[in-house]
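These numbers come from a predicted model, not from an experiment. Start at 1 and go down the list; that is how both ligands and their atoms are numbered. Position 1 is the first residue of the sequence; numbering continues from there.
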Amino acid sequence: MGEELARVKGADLIHFDVMDGHFVPNISYGMPVAQAVKRASSIPLDVHLMVEEPDRFIPSFAELKPAYITVHYEAVTHLQRTLSYIRELGVGAGVALNPHTPLTGLEYILADLDLVLIMTVNPGYGGQPFIPAMLDKIRACRELCQGYPIKIQVDGGVTSANARELVEAGVDILVAGSAIFKSADPEAYINTMRTQGE
Ligand code: ZN
C-alpha cells in the first residue's frame with residue numbers, strides 16, 4: 001500500500017471510502033487500514049463514510065485528523081447534529097448525496113457544511129461510468145451554496161476526460177480512483193486532471 005500511495009504523491013487529498021456491507025453491498029476498509037494510510041502518507045485524508053449510523057465511526061476516524069469526514073444524507077436521521085459533531089472534533093464536515101437524492105433540505109444547514117459530495121455513480125463499487133444527469137445537480141448545488149465557503153466534491157466515474165466539464169459546472173474537488181491507479185503514470189494523470197480543471 002505504501003508503494004501505491006507513493007504513486008499518487010501529487011494528490012491534494014487521499015479519499016478513503018469506508019463501506020460497511022449494509023449501506024452499500026461491499027465491505028472495504030476500516031480503522032487499521034486508515035491508520036496504515038495515515039502512517040504511509042503525509043497527504044491529508046478525506047474520509048467518506050458509506051455506512052449506516054455513521055456517528056459510531058466518527059470519533060475514531062477524527063483521531064486521524066482528516067481534512068473532512070463525509071456522511072451520507074440517506075444514512076443519518078439528525079444530519080445537522082452529525083455535522084456539528086464532526087466539526088466539534090476539529091474536522092471539516094461533509095454530506096454525500098446519492099444520485100437520486102435531492103438537494104432539498106441542505107438550504108437549512110449550509111452554515112454547518114464544509115463540503116457537499118455529489119455522488120456521480122451509485123456508491124459501492126469502483127470503476128462505474130459517470131451519470132451525466134449529475135451535471136445539472138452540480139450546477140444547482142453551486143447555486144445553492146453561493147456565499148458559503150463550501151467545497152463541492154464529485155466521486156464516481158471521474159476521469160481526465162470529464163474533469164474540465166465538472167469544474168466548469170462548479171466542482172472544487174475531483175475524486176478519482178480507478179482512472180488514476182489504472183493509468184500507466186498516476187502522477188502524470190493527476191497533473192492532467194489538475195490542468196483540465198484550471
Ligand atoms: Zn468516496
Side-chain angles (χ1 to χ4, degrees), residues 1 4-5 7-8 11-31 33-38 41 43-58 60-62 64 66-76 79 82-83 86 91-101 103 106 113-131 134-135 137-138 141 150-160 162-163 166-167 169-183 186 189-190 193 197:
M1 195 166 62
E4 288 298 299
L5 286 166
R7 296 171 73 207
V8 295
D12 299 306
L13 295 166
I14 299 289
H15 184 85
F16 193 82
D17 282 329
V18 181
M19 306 182 192
D20 65 352
H22 295 281
F23 182 70
V24 289
N26 263 349
I27 293 177
S28 63
Y29 329 97
M31 275 310 290
V33 177
Q35 285 161 338
V37 171
K38 177 76 185 169
S41 173
I43 301 171
L45 282 176
D46 171 31
V47 177
H48 178 189
L49 295 177
M50 302 185 198
V51 302
E52 286 174 0
E53 297 177 59
D55 291 29
R56 295 175 296 148
F57 295 83
I58 290 167
S60 46
F61 279 100
L64 301 175
Y68 302 101
I69 293 179
T70 297
V71 298
H72 265 267
Y73 185 108
E74 307 83 10
V76 282
L79 182 56
T82 298
L83 295 169
I86 296 171
V91 178
V95 64
L97 308 178
N98 281 339
H100 76 283
T101 303
L103 298 167
L106 295 189
L113 281 171
D114 297 299
L115 180 136
V116 178
L117 166 48
I118 309 270
M119 289 303 301
T120 37
V121 301
N122 286 293
Y125 298 96
Q128 298 181 69
F130 176 81
I131 302 171
M134 293 304 109
L135 281 166
K137 190 172 179 181
I138 293 161
C141 187
I150 299 171
K151 302 282 189 201
I152 298 180
Q153 182 178 72
V154 284
D155 185 5
V158 177
T159 67
S160 59
N162 58 18
L166 288 164
V167 170
V171 171
D172 302 295
I173 303 173
L174 300 163
V175 174
S178 309
I180 291 173
F181 284 101
K182 286 182 181 163
S183 70
Y189 198 94
I190 290 170
M193 285 182 71

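- Take the Zn ion (ligand 1) and draw a sphere of radius 2.8 Å; the protein N/O/S atoms inside it number 4.
- A distance of 9.0 Å separates CZ in F130 from OG1 in T159, rounded to the nearest 0.5 Å.
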Steps toward side chain to side chain contact (heavy atoms under 4.5 Å, CB included) verdict (I131, T120): CA-CA 6 Å; I131 302 171; T120 37; 5.6 Å; no

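- Once rounded to the nearest 0.5 Å, the distance linking CE of M193 with OG of S183 reads 10.0 Å.
- Not one N or O on the side chain of T70 forms a donor-acceptor pair closer than 3.5 Å with the backbone of H48.
- The aromatic rings of F16 and F61 sit tilted relative to each other, their planes meeting at an angle between 30° and 60°.
- Among residues two or more places apart in sequence or in another chain, the ring pair (Phe, Tyr, Trp, His ring centres under 6.0 Å) test is passed with F57 by none.
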